[in-house]
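Read the structure below first, then the notes.
As the structure lists them, so they are numbered: ligands from 1, and atoms in each ligand from 1.
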Amino acid sequence: MFGFLASLFGRHPRAPEGVPLVAEEDPTIRTPHHRVLDIKGMICQASTRVPLLRLLASGRRNVSLLSGEKIDDLINCAVRNIVDRHRLADSPSPSSPPPSQIVAEARKEFDTLLAQYLRSAQDGGTSDARPFEIVDGKPRSKGFDDMQLELGRGLHVGTVNLCAAARLKSVGDVVYGEQRNAFLDVPADESTKKMMRHLGLGYIAQGENGYIAGEGAEELGRIFGKAVRRPMKNGTLSPDEPVALFILSLLLKQVLGYPRADGEMCVYSVPADPVESDRNYIYHRGALESTLRSLGYTPRPMVESHLIVSSELKDQDYTGIGVSCGAGMVNVGVAYKGVPALSFSTLRGGDWVDQSVAEAVGISPEKVREIKEGGMDLRRPNGRLEGAIAIYYRNLLAYTVETMRQKMSDAQNMPSFAKGVPIVCAGGACRITGFLEMFKDELEKSRNFPVRIEFIRMARDPIHAVASACLQAALEETAAQTEAPSALAPATLERAAVSGKPMKGLPSLLKLRNSKVA
Ligand SMILES: Nc1ncnc2c1ncn2[C@@H]1O[C@H](COP(=O)(O)OP(=O)(O)OP(=O)(O)O)[C@@H](O)[C@H]1O
Ligand SMILES: [Mg+2]
């Protein structure tokens, strides 16, 4: 299903199931008289076999297959284009391009054709034979690809923000790569393309359709007063956007860069089970996993709220409640001594506030967001618009507290806490002044709240808490894999045990990783 992503990135993923179609040897065959480039072979090497069972396991019941003829067609077409381009003669001339360049071009050519074919097939459109043009913009900041990094990456996949984390080899500092999870459709005519090149904005064009993805989209949207489109909605791939996976894949490639070693560990955040029973995140998780594998990583999902517990509640023996308030959802996780006891997500987050206020007062959600993020205080709202924002924030928190109460009361396996437990909040929606006070108010109002709350506080770094916890988990797991098995066994067993006498100060990440994800 997601095989096209592998080709899209021009990487040969190290998926255990991946079987190269041809032996991975130098595809240049030398003859005594002239050089023949096995372009077909090179292109075949860019493909990956995916077992049907894996597709089914990722939630697909209908699997579209590319016929052998279609693959042949695509290969032939790619070969023709490259040969036309270089007009390869029987004997190499001094100006013949080096094989590495031809390999790169062959893959790119085939990737473009295959991505184009599969995108239209997967998204239900008609097959559009026009090629894609992907133009990189001027990088705004140094990307991970230019840094000396340790093995292991963290990735927070959010509805509006993508944040990757890595650790610098020399000094051990954590560095972050951030990107807006947004895109804008623009006409792909020559004058628009020229303008985008002038502004240093990267774009993707196909025929007359063009897309700008990431921060550039936000910037341009602001300048022209146009609302951006989003690949994700309410914490998961948006069902309303046919190009969602395509754009998200490109953004992930940008923010995460390529791995330093094949199969490098990448821990990424996923939402907890939604309270709405008609929703699940199986497709979203499967799509992310495939994208990360295509980039060459070994993906590991972890529940967002438990990541907050693992990064923030070390001093409380990893006992307490992690709450992540993002744009598309609120995630809540309860853990006892590092063992996840309960987690859930609701669909009310920052976007819900923006949308509700916009409908109530008749302005755009973008305008509401601007006011909300502009430094207002929930305790002392100024004027009608701020007043409406405060009303919906209170409603959001009352709803979150009530859902916590219900879920914790109904849970079969809730531990009985001997003393009060802390709540730690992270995520962009908590940054508004007065958030903690309002949350505390609502908790105090709640009758029969099943757990005594000792205190409520903000995470040390509410914006990076999840990405940084993902990175910590990835570094730990990478280290565990490289340790000698004899030295590793007792520690791993102790950490992985979910019952028995809890140990003080356990890192607990491996246990948290085993928590249930949708
Ligand atoms: N200073 C601020 N005041 C109020 N809200 C803010 C502020 N800064 C960011 N936000 C809101 O935070 C939200 C984005 O937060 P975050 O980056 O944590 O979300 P996300 O991880 O992308 O989404 P999710 O976790 O729901 O999938 C947006 O709704 C944004 O308006
Ligand atoms: Mg988030």
Under 6.0 Å from the NZ atom of Lys367, do we count more than 12 heavy atoms belonging to anything else shown? no

Is the shortest N/O to N/O distance between Met232 and ligand 1 below 3.5 Å? no

Salt bridge check: are Glu402 and Arg405 linked by an N-O gap of less than 4.0 Å? yes

Under 3.5 Å, side chain of Asn331 to main-chain N/O of Val303, donor-acceptor pair present? no

Parallel, tilted or perpendicular, judged at 30° and 60°: which one describes the rings of Phe183 and Tyr211? perpendicular

Charged N to carboxylate O under 4.0 angstrom, Arg394 versus Glu442? yes

Would Glu264 and Arg153 pass as an ion pair if we require N to O under 4.0 Å? yes

Determine whether Val186 and Met196 satisfy the following criterion, side-chain contact (heavy atoms from CB on, under 4.5 Å), listing intermediate values before the conclusion. CA-CA 10 Å; Val186 289; Met196 288 188 285; 3.9 Å; yes

Are Lys233 and Glu241 ion-paired here, with the side-chain N under 4.0 Å from a carboxylate O? no

closest protein heavy atom to atom 14 (C) of ligand 1 is Val160 CG2, 3.7 Å

Does any N/O atom on Thr159 come nearer than 3.5 Å to any N/O atom on ligand 1? yes

Provide, to 0.1 Å, the distance between atom 17 (O) of ligand 1 and the closest protein heavy atom, together with that atom's residue and name. Asn161 ND2, 2.6 Å

Val157, any N or O under 3.5 Å of ligand 1 N or O: no

Is the closest basic N to carboxylate O distance between Lys407 and Asp273 below 4.0 Å? no

Residue part near ligand 1, for Glu304, under 4.0 Å between non-hydrogen atoms: side chain

Closest to atom 8 (N) of ligand 1 among protein heavy atoms sits Arg431 NH1, 3.6 Å

Walk me through whether Arg460 and Val424 qualify under side-chain contact (heavy atoms from CB on, under 4.5 Å). CA-CA 9 Å; Arg460 280 159 298 183; Val424 184; over 6 Å; no

Less than 4.5 Å apart, any side-chain heavy atom of Val466 and any of Ile308? yes

Does Asp354, backbone or side chain, put an N or O under 3.5 Å from an N or O of ligand 1? no

Taking only heavy atoms of Gly350 into account, list the atoms of ligand 1 that are under 4.0 Å away from them. 29 (O)

Among the heavy atoms of Ala429, does any lie under 4.0 Å from an atom of ligand 1? yes

Does the side chain of Tyr283 come within less than 4.5 Å of Leu245's, by heavy atoms? yes

How close does the nearest protein non-hydrogen atom get to atom 18 (O) of ligand 1, and which residue and atom is it? Gly428 N, 2.8 Å

Please say whether Met329 places an N or O atom under 3.5 Å from an N or O atom belonging to ligand 1. yes

shortest atom 28 (C) of ligand 1-to-protein heavy-atom contact is with Ala327 CB, 3.8 Å

Any Lys/Arg nitrogen of Glu289 or Arg293 sitting under 4.0 Å from an Asp/Glu carboxylate oxygen of the other? yes

Suppose I only count heavy atoms of Gly328 and a 4.0 Å limit; which atoms of ligand 1 are within that range? 23 (O), 24 (P), 26 (O)

Side-chain contact, heavy-atom cut-off 4.5 Å: Arg230 with Val160? yes

Heavy-atom contacts with Gly427 under 4.0 Å: which atoms of ligand 1 show up? List them by number with element. 18 (O)

Going by heavy atoms in the side chains, are Glu477 and Val267 under 4.5 Å from each other? no

List nothing but the number: protein N/O/S atoms under 2.8 Å from the Mg ion (ligand 2). 2

Which residue and atom name correspond to the protein heavy atom nearest atom 30 (C) of ligand 1, and how close is it? Glu373 OE2, 3.0 Å

At under 4.0 Å between heavy atoms, is it the side chain or the backbone of Arg369 that contacts ligand 1, or both, or neither? side chain

Does His156 have a heavy atom less than 4.0 Å from any atom of ligand 1? yes

